[in-house]
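I have placed the structure first, in the form of structure tokens, so that the comments after it can refer back to it.
Protein chains get the first letters and strands the later ones, always in sequence-line order, with residue 1 at the start of each. In this text, all values refer to a predicted model and were calculated from it rather than measured experimentally.
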2 protein chains.
Amino acid sequence: MQFQIDNNFINQIKDLISENDGKQLTNLLNDVHYADIAEILEELDFEASIYIIKLLNSELTADIIAELDDDVRDKILNALTSKEIAEKIDELETDDAADIISELTKEKKEEVISQLEDVEHAKGIVDLLRYDEDTAGGLMRKELIAVRDSWTVLRCVKEMRKQAEAFEKVHTIYVVDDDDILKGRLSLKSLLTTSTKTPIKDVYEPKITFVKAEEDDQEVANIMQKYDLIVMPVIDEMGRLVGQITIDDIVDVIKEEADKDYQMAAGLTQDVEAGDTIFQLTRARLPWLILGLFGGIGAAAIMGGFEDIIKSHAILFFFTPLIAAMAGNVGVQSSAIIVQGLANNDVKGSITNRLWKEFLLAIVNGFILSVLLFIYTFITASDFNTSIAISISLFSVIIVAGLIGTFIPLFLDKRGIDPAIATGPFITTSNDIFGILIYFMIAKLILGF
Amino acid sequence: MQFQIDNNFINQIKDLISENDGKQLTNLLNDVHYADIAEILEELDFEASIYIIKLLNSELTADIIAELDDDVRDKILNALTSKEIAEKIDELETDDAADIISELTKEKKEEVISQLEDVEHAKGIVDLLRYDEDTAGGLMRKELIAVRDSWTVLRCVKEMRKQAEAFEKVHTIYVVDDDDILKGRLSLKSLLTTSTKTPIKDVYEPKITFVKAEEDDQEVANIMQKYDLIVMPVIDEMGRLVGQITIDDIVDVIKEEADKDYQMAAGLTQDVEAGDTIFQLTRARLPWLILGLFGGIGAAAIMGGFEDIIKSHAILFFFTPLIAAMAGNVGVQSSAIIVQGLANNDVKGSITNRLWKEFLLAIVNGFILSVLLFIYTFITASDFNTSIAISISLFSVIIVAGLIGTFIPLFLDKRGIDPAIATGPFITTSNDIFGILIYFMIAKLILGF
């Protein structure tokens, strides 16, 4: 099972497709995991992908399609008829099925749903389509094992045998009452070791962590992570069990959120990958670069305003990239800690406390950095006044940048805006401008030009 | 189970501690999940934490200690005797137990191990201590259910009943041969629906994804994520089943890696949280700021070398923060995409292809940005030559920054160094200096000073 996709394997597949040798290709791919086949399709061109999708059986291709990246999947779904899509949907669990159907056009969506074979399955899928994808309802699946608290252990085992095909993935046996209200869970231990006549209500575990269907997906991720849960039941407004969320879907939520924050910090506005087209990559990068350009133009305009002192104090101008860089770095450091703290729910205490701490921290860092800069400028420029002016300016810039970097994400968060945006070029750019303005104003005060 | 820790609750606990009302406090905390109690302890002072740890039973406090942040945990473990620690370790699963023991001093470690009650459990823990914490062996637990392929279904159910206490957390029943070599897994479906006389070797599922104990934890995370696994068996060099990894531990690995990359991108050298002390925060931030300071000094030195043209071409100096910012932003954007691609295993193709793509991308972005800057400078400065010189310089700087940003993480990765380091102030700083140097050299060529 330690399978590695290499170029040899891809070439072998390409050769078999060009020879139209479906039998050999089926043999070759039958032993490969669907997640690996999905990766292979992303390496092949469109015609080759469709050839493979039409060749393999629906059970396998359903899983492959569920694994594909959105853009490749869209293309493939467009090339399939509603009938073909419905055949694949029939093989999928409700959550994956709903994810795929929700990407179809309204018309095709209805066609596909009307052609699903299993009515119960179709009902489950349609039910899931109601929920926003960023909520617990959007993450959950309908497939689960639930027993009634009015049953005995024997009845319970019998009912479970009936639903045998779902067993491969049983992680928890939920207990509900006759109105489907979630009561708790039944451990496998009780099921295997208690006398068959025991009523379920005497042996079930009533303590269970659950979420409501409308709960935000990030909050679901936080709860499952905090309590080390593998699965979690989802209830509706009336407390009825409506689905369950498994941790593998939460892993994707955590990964996507982390990737998004990281990309924002790096100045990329939308989800991009190294393999995307030049156009996609440009669209993700250019907006922030244009923002940076305006920031730089702003800085240039400020410096232009001090042009008449350029002859007497040329050295001040040499240190503007340093001031801008320090303002940007300090700001991003401060923001990043707050953004991570907010994401992990561990920023406690008031904004005032947080700003006060950042102020102290900026004093420590600012003092050390200013002394180092003073030593350098005094040795090289040998002018005490100018050296002290540059150092005090740096010190002030660091304090202001730290405070801005702390305040902005806290402010955005209070307003309900994703604070991660504050760690990107947004804060660097505004700190660049503020930094250079403060720098020249303080230098002016001290040097009296 | 929708428990929220608030200040009221914390104050109630503080009051009960100061009144020394252990009974009331035990009642209050008995209904609270251990993960929540761990969070509460992190809000309390040291004496209060120890009071609670000594008050509650070992079964509960063992889980609380396993959940605590390293620094709080260290303090608490220091205040407990080896006997007390051993009592808690006895209650924990082997992986959590090994994590805690590995933090103790050599002497205390031996004392604690010698006082463990359950010999099998102790053996398992000592076995786990052999593995590096960043490997599959460092993540796995010894607790698992394995049945022999030579048994019948009946024998299997009997053996499983014997090990009943482990049942709460059964996710997979592993099948091994008489030499403990991993053969596959047994589904709950087969166990519940096959005749009791059936030999296990006729019904087990031989396809199973596993890892070797020395496998890197990031790779384990990638495999479990790709194949949507909840648990995965770990084997030794001889193919023997030695433990299993559950997805909740992998969630922590993914989260920690993402946090680390994010912090590196933001210029924080070590794991810090918003609640850390000023000293810890300074230590995490100052090194990168000092690097930035040296970068700024380097830029100032370069500009000092062009001091004699400051009178004739003052405007060139006004745009240095812009050049530095653009070089930094473009570099970080390029690096971030490569770093994420490497982490997700989707940077395919050669370095040459990657650099070529980045080159094309830089031409597109660089052209648009340079034209915008040209329009601004030409309108405000009305000097065609200077405007064209600044714009061409920006264009060149963007191309070089993009190439450096792409090349450095790929190079670090080939050398076995974490490429995430390249997205931090490291690349910003080197790009600042390179950018300003290129800028003045190109301006010199065009304007001929």
Segment of [X] engaging chain B (4.5 angstrom heavy-atom cut-off):
| X | result |
| --- | --- |
| A:E257 | neither |
| A:I436 | side chain |
| A:V330 | both |
| A:I368 | side chain |
| A:F317 | both |
| A:S334 | both |
| A:I254 | side chain |
| A:I302 | neither |
| A:V332 | both |

Interface residue of largest heavy-atom contact number with chain B, from A:I310, A:T246, A:I398, A:N7, under 4.5 Å:
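Answer, by heavy-atom pair count under 4.5 Å with chain B: A:I310.
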Should we say atom CG of B:D308 is surrounded by more than 12 heavy atoms from elsewhere, each under 6.0 Å from it?
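Enclosed.
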Atom pair [atom1] ([X]) and [atom2] ([Y]), whose distance is rounded to the nearest 0.5 Å:
| X | Y | atom1 | atom2 | result |
| --- | --- | --- | --- | --- |
| A:F318 | B:T320 | CZ | OG1 | 9.5 Å |
| B:D259 | A:Y262 | CG | OH | 12.5 Å |
| A:L360 | B:T282 | CG | OG1 | 9.5 Å |
| A:L361 | B:Q280 | CG | CD | 11.5 Å |
| B:L281 | A:I337 | CG | CD1 | 4.5 Å |
| A:T429 | B:N329 | OG1 | CG | 6.0 Å |

If I measure from the heavy atoms of chain A, does [X] come under 4.5 Å with its side chain, its backbone, both, or neither?
| X | value |
| --- | --- |
| B:L229 | neither |
| B:Y376 | side chain |
| B:D432 | side chain |

Considering only heavy atoms from C-beta outward, does the side chain of [X] approach that of [Y] to under 4.5 Å?
| X | Y | result |
| --- | --- | --- |
| B:Y227 | A:D36 | yes |
| B:E39 | A:K226 | yes |
| B:I247 | A:D248 | no |
| A:V251 | B:D228 | no |

On a heavy-atom basis, which atom in A:K311 and which in B:K311 lie closest, and how many Å separate them?
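Taking every non-hydrogen atom into account, CD-CD, 4.3 Å.
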Quick one: closest heavy-atom pair of A:K357 and B:I278, and the distance?
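So the two residues come closest at O-CD1, 3.6 Å.
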If we define contacts as heavy-atom pairs under 4.5 Å, which of [options] has the most with chain A?
| options | result |
| --- | --- |
| B:L289, B:I250, B:D249 | B:L289 |
| B:A314, B:A258, B:A336 | B:A336 |
| B:A325, B:A38, B:G267, B:A265 | B:G267 |
| B:G304, B:A324, B:G292 | B:G304 |

For A:I297 and B:T380, run side-chain contact (heavy atoms from CB on, under 4.5 Å): C-alpha distance rounded to whole Å, both residues' side-chain angles, the deciding distance at 0.1 Å, then the answer.
CA-CA 11 Å; A:I297 287 176; B:T380 55; over 6 Å; no
Do B:E307 and A:I315 pass the side-chain contact (heavy atoms from CB on, under 4.5 Å) test, and can you show the C-alpha distance, the side-chain angles, and the key distance before you say yes or no?
CA-CA 9 Å; B:E307 190 170 0; A:I315 189 173; over 6 Å; no
